Protein chains: 2
Amino acid sequence: MQTAAEIRLDRVFQALSDSTRRSILRRISRRELTVSEIAGPYDLTFAAVSKHLKVLEQASLIDRRKDGSFQMISLNPEAMKSADQWLRFYHQFWTARLESLKSLLEDKEKP
Amino acid sequence: MQTAAEIRLDRVFQALSDSTRRSILRRISRRELTVSEIAGPYDLTFAAVSKHLKVLEQASLIDRRKDGSFQMISLNPEAMKSADQWLRFYHQFWTARLESLKSLLEDKEKP
DNA sequence: TCTGCATTCAACCAAACAGTTGAATGTTGG
DNA sequence: CCAACATTCAACTGTTTGGTTGAATGCAGA
């Protein structure tokens, strides 16, 4: 069974698995941008960028606001929180590993 | 250009975008498991599970250790750290949003 | 109203993905 | 050695992904 929460998380991680999309998120975190502004730096067609935005939207990572014939795209950080919370569980594992490495080094120093 | 770091991050997020794989990670975080033990609860062939493990391995999320004819699979949390660090940048955005929501509510309370 | 700009839709394509089945490759206990 | 077990490989399938092109839609200014 796939719970709704799992499906949401699937979508978030999937959306984040493309570096173009991560780069878009980074740029709109500074200020909201139009689709054309977003497309600017990439060597991609508008349609391709439009699809990336749809992926981000379906993962609830962005919001859209209509401003005349433009569309203002902005960051919606809520969905990232769920990804972050999923990862938070594993903090203990990498800090634990770091600790045991540290104590290993300390043991070496004591003759 | 795709830097090596970006490709690594792509792979980590991609590996995490499947709930079966996330479930595998969660289970091996308790203790290392054999491939068969991992496969047990899922309604999947061994080959399918083997493929999931390969995806996790290529994302450097797991380690394998040979023990006779068994293979012990364990968590390698290092790669998650990079995903976590990527997300850490966005903490400010969801906490900021939370703060502004809070102050909005507080303003309402003041007549 | 016509033109031009911003954006999306539809159809298509190649590559990647998630799964299957069945055969192949270790490894080990008797 | 060989039978049984653990795991992977190869080949195949249907679906998704990331991209393209060209047409369609929607809005705004002259």
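So you know, we letter chains A, B, ... as the sequences are listed, proteins then strands, and number each from 1. Heavy-atom basis, side chains included; hydrogens, waters and symmetry copies ignored. No experiment lies behind these values; they were computed from the predicted model shown.
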field: Non-neighbouring partners of A:Gln71 that pass side chain to side chain donor-acceptor pair (under 3.5 Å), sequence neighbours left out
entry: A:Arg64
- prompt: Can you pull the salt bridge (charged side-chain N to carboxylate O under 4.0 Å, His left out) pairs that have at least one residue in residues 7-26 of chain A, sequence neighbours excluded?
  reply: A:Asp10-B:Arg22, A:Arg22-B:Asp10
field: By side chain to side chain donor-acceptor pair (under 3.5 Å) - contacts of B:Gln14 (at least two apart)
entry: none
task: Provide, to the nearest angstrom, the distance between the CD1 atom belonging to B:Ile62 and the C1' atom belonging to D:dT7.
output: 13 Å
- request: Taking side chain to side chain donor-acceptor pair (under 3.5 Å) as the test, write out the residues that go with B:Glu6, two or more places apart.
  value: none
message: Please encode protein proximity along nucleotides 6-21 of chain C as a string of B, S and -, counting only heavy-atom distances under 4.0 Å.
response: SSBB-B-----SSBBB
query: Under the side-chain contact (heavy atoms from CB on, under 4.5 Å) test, which residues partner B:Asp43, sequence neighbours left out?
result: none
